[in-house]
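If you're wondering where the values come from, they're calculated on a predicted model, not measured in any experiment.
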Amino acid sequence: MTSNFKTVLCLGYKLFADDLDSISLTQKVLVNTINQYSYCIAEKDSVFKDALCNSDILLPDGVGMTWASKFLNGKKIKKIAGADIHEFLLEKMNKESGSCFYLGASETTLVEIYNKLEREYPNIKVGSYSPPFKPTFTAADSAFMIQKVNDFKPNVLFVGMTAPKQEKWSHAFKEQLNANVICSIGAVFDFYAGSVDRPSEIWINLKLEWLGRLLKEPKRMWKRYIYYGAVFVYGIIKNKVQSKG
């Protein structure tokens, strides 16, 4: 299933890139993404790190990870954002008359997603559930969420509950979920619904999507991109120096 992917070991993580066509809608696959922020958080959160390390496919979402691969290993890899894997899977499901389930976000956002999918991808069968908005789920919460997904039996389960909660939850319940591709994509729910604007193609093509998000939401994003950006760069340089020592 992942045999056609280029595998790159970067900062202790196996990153997969390039051939997304290797993903099948009929096989159990846990897909996550990693960026400089999630890397820094995972260094302090062993459960989150375990969830990322045990992904079947871990995609480099951010120029930080692609730069780190080039700087540390001399290997050039392509950034694949959550929005990219979301679009790829939607196109694949539309061609194959597949089904998907959105787990996360508010009812309002889910309605907007459903309406947009109906217009853009009419061949996809869609289900959804808005879980309780809380830092951690009870056993009863998780059991009900699993039931909702399993009653629908989607080819693809999109999980959008913010990191690191979504990755931890998906990893913990992967085997109990009656879904094939399980994909944690966080803010993509809001991007696709239009409740939050993704930076324009200009920012994306310049590899400055992070800057576009920072300028749009400076109060919320400054720590993610400025503080953790500095922590990440320091860690990469330290890693490089130590590897030469």
Please find the pair of heavy atoms, one from [X] and one from [Y], that lie closest to each other, and give the distance.
| X | Y | result |
| --- | --- | --- |
| Ala105 | Pro131 | O-CD, 4.3 Å |
| Met161 | Gln166 | N-OE1, 3.0 Å |
| Lys75 | Ser69 | O-OG, 2.8 Å |
| Lys79 | Asp84 | O-OD2, 4.3 Å |
| Leu52 | Ser38 | CD1-O, 4.5 Å |
| Ser99 | Asn155 | N-OD1, 2.9 Å |

Value rounded to 0.5 Å, distance of [atom1] in [X] from [atom2] in [Y]:
| X | Y | atom1 | atom2 | answer |
| --- | --- | --- | --- | --- |
| Leu89 | Glu87 | CG | CD | 10.5 Å |
| Asn94 | Ile124 | CG | CD1 | 5.0 Å |
| Leu90 | Ile85 | CG | CD1 | 10.0 Å |
| Leu59 | Leu15 | CG | CG | 8.5 Å |
| Asn178 | Lys28 | CG | NZ | 6.5 Å |
| Lys148 | Ser130 | NZ | OG | 11.0 Å |

- Task: Would you please test Asp141 and Thr136 for side-chain contact (heavy atoms from CB on, under 4.5 Å) and show each step?
- Result: CA-CA 9 Å; Asp141 291 333; Thr136 57; over 6 Å; no

- Note on the structure: From the list Phe158, Tyr121, Phe189, ring-ring contact (aromatic ring centres under 6.0 Å, His included) partner of His86 resolves to Phe158

- Item | Passing option when Phe144 is tested against Phe137, Tyr129, Phe173 for ring-ring contact (aromatic ring centres under 6.0 Å, His included) | Tyr129

[X] and [Y]: same hydrophobic cluster, using ILVMFWY side-chain contacts below 4.5 Å?
| X | Y | answer |
| --- | --- | --- |
| Phe88 | Val159 | no |
| Leu110 | Ile146 | no |
| Phe101 | Ile182 | yes |
| Val149 | Leu25 | no |
| Ile80 | Tyr192 | yes |

- Query: Can you check side-chain contact (heavy atoms from CB on, under 4.5 Å) on Phe48 and Glu167, steps first, answer last?
  - Reply: CA-CA 7 Å; Phe48 183 32; Glu167 290 85 0; 3.8 Å; yes

Measure from the side-chain N and O atoms of [X] to the backbone N and O of [Y], and report whether any donor-acceptor pair falls under 3.5 Å.
| X | Y | value |
| --- | --- | --- |
| Asn239 | Leu11 | no |
| Asn150 | Gln176 | yes |
| Asn32 | Leu58 | no |
| Lys14 | Thr7 | no |

So with a 6.0 Å cut-off around [atom1] of [X], is the heavy-atom count from everything else above 12?
| X | atom1 | answer |
| --- | --- | --- |
| Lys134 | NZ | yes |
| Lys174 | NZ | yes |
| Lys78 | NZ | no |

- Task: Kindly indicate whether the side chain of Asn180, heavy atoms from C-beta on, has any atom under 4.5 Å from the side chain of Gln27.
- Result: no

- So do the side chains of Asp45 and Pro164 get within less than 4.5 Å of each other, counting heavy atoms only? yes

- Message: Please confirm whether the ring centroid of Tyr39 lies under 6.0 Å from the ring centroid of Phe232.
- Response: yes

- Query: Judged by modelled atom types alone, do Thr26 and Ser24 share a side-chain donor-acceptor pair under 3.5 Å?
  - Reply: yes

- Task: Take Val31 and Asp56, measure what side-chain contact (heavy atoms from CB on, under 4.5 Å) needs, and give me the verdict at the end.
- Result: CA-CA 6 Å; Val31 183; Asp56 295 304; over 6 Å; no

- Message: Determine whether Met65 and Ile34 satisfy the following criterion, side-chain contact (heavy atoms from CB on, under 4.5 Å), listing intermediate values before the conclusion.
- Response: CA-CA 8 Å; Met65 298 307 296; Ile34 185 171; 4.1 Å; yes

